[in-house]
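Here's the structure, in C-alpha cells; my notes come after.
Not measured: the values here are computed from a predicted model. Chain letters run A, B, ... following the sequence lines, proteins first and then strands; every chain starts at 1.
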Amino acid sequence: AQSVTQLGSHVSVSEGALVLLRCNYSSSVPPYLFWYVQYPNQGLQLLLKYTSAATLVKGINGFEAEFKKSETSFHLTKPSAHMSDAAEYFCAVTGGGSWGKLQFGAGTQVVVTP
Amino acid sequence: DAGITQSPRHKVTETGTPVTLRCHQTENHRYMYWYRQDPGHGLRLIHYSYGVKDTDKGEVSDGYSVSRSKTEDFLLTLESATSSQTSVYFCAISEGLAGVYNEQFFGPGTRLTVL
C-alpha cells in the first residue's frame, strides 16, 4: 500500500522567501506523486505531478518538486513566496494495487507574512 | 474550470437523520469520487464509481452508500447521520483512472454538520 507523510502541518514564510514543503512517501512499487493546492473555501487544484519522465517537475504558479528515490521524498519548493501562495497544500500518491485511488497526506497550511 | 457542482453547499442536520449529497458533472467523465476532508487527515476516499451503476468502496466507506444512475450524477447517502460524519465532502471526477494521464478535478465541497 502507498502512503505519504507531510512534515509540518503549518509553515509560515515571509513574502519573497523560499517556500519548502516536505513530503515523504512509502510505496512498494514505483509511485506516481502529486501536489495539490487548496485555497480557502475551494476544492483542490493540481499543482504538479511526477510520472517518472523527469525527477525535477515544474508546476503552475512557479512551484517545482524534485523526486528523490533514495530519500523517498517529493518536496515542493518555490524560490520566492507571494501573498497569494497562502493556502493548504497536499501531497498525494497512487500506483500499484491502488492505481486510480489517490492517497493524500494530512496537508500543510502555508501562511505568508509581509 | 471543470464543470462540477455539489449540492447542497452547506447542511446542518441532526443525528439519526438520512442525508443525501449530490455531485453533478458536465464533463462526461467516466470516473467519479467522493472524499471527506478532516483536519489532520487530509482527504480520504469514501466511494468511487467507474461507470453507471458501477461503484466500489474506498478507505472510509462505513456508514455511507452511493448510487450512480446517470453518467453526470453521483449521490452520496448517509443512511443515519452521526456526529463523526461532520466533515467537508468533496466530489472529484476524472476521464480515466486518476494518475499519470488523467487529472482528478475537484468540486467546491459540501460542509456537513451533524448535531
Looking at side-chain heavy atoms only, is the closest gap between F106(B) and I4(B) below 4.5 Å?
-> no
Contact residues of residues 103-114 of chain A (partner chain B; heavy-atom separation under 4.5 angstrom) = Q103(A), F104(A), G105(A), A106(A)
Worked verdict on Q6(A) versus F90(A) for side-chain contact (heavy atoms from CB on, under 4.5 Å) = CA-CA 8 Å; Q6(A) 292 184 240; F90(A) 294 92; 4.2 Å; yes
Should we count CD of E15(A) as having more than 12 external heavy atoms under 6.0 Å?
-> yes
Measure up the Y33(B) and Y31(B) rings against each other and bin them: parallel (under 30°), tilted (30 to 60°), perpendicular (over 60°).
-> parallel
Least distance between heavy atoms, Y50(A) atom then T55(A) atom = CE1-CA, 4.3 Å
Tell me, do L21(A) and W35(A) make a side-chain contact under 4.5 Å, heavy atoms counted?
-> yes
Does the side chain of V93(A) reach to within under 4.5 Å of the side chain of F74(A), using non-hydrogen atoms?
-> no
Would you check, one step at a time, whether the test side-chain contact (heavy atoms from CB on, under 4.5 Å) holds for L21(B) with W34(B)?
-> CA-CA 10 Å; L21(B) 308 183; W34(B) 276 109; 3.9 Å; yes
Residue list, side-chain hydrogen bond (donor to acceptor under 3.5 Å, both in side chains) with Q37(B), at least two apart or on another chain | Q38(A)
Anything in residues 61-73 of chain A with a heavy-atom distance to chain B below 4.5 Å? Please list those residues in order.
-> none
Chain A interface, residue from R111(B), H41(B), Q6(B), R9(B) that has the most non-hydrogen pairs under 4.5 Å | H41(B)
Between Q85(B) and V19(B), is a side-chain contact (heavy atoms from CB on, under 4.5 Å) present by the stated rule, with each step listed?
-> CA-CA 11 Å; Q85(B) 293 175 313; V19(B) 176; over 6 Å; no
Side chain proximity check, C91(B) to M32(B), heavy atoms < 4.5 angstrom = yes
L76(A) and L48(A): CA distance, side-chain angles, deciding distance, side-chain contact (heavy atoms from CB on, under 4.5 Å) verdict | CA-CA 9 Å; L76(A) 181 71; L48(A) 50 81; 3.7 Å; yes
Any donor-acceptor N/O pair, Q25(B) side chain to N28(B) backbone, under 3.5 Å = yes
Do Y25(A) and S3(A) have side chains that get closer than 4.5 Å, going by heavy atoms?
-> no
Positions in residues 50-73 of chain B that reach chain A, provided some heavy atom is under 4.5 Å away | K57(B), E59(B)
Under 4.5 Å from a heavy atom of chain A, the part of R44(B) involved = neither
Side chain, backbone, both or neither: which part of L45(B) has a non-hydrogen atom closer than 4.5 Å to chain A?
-> side chain
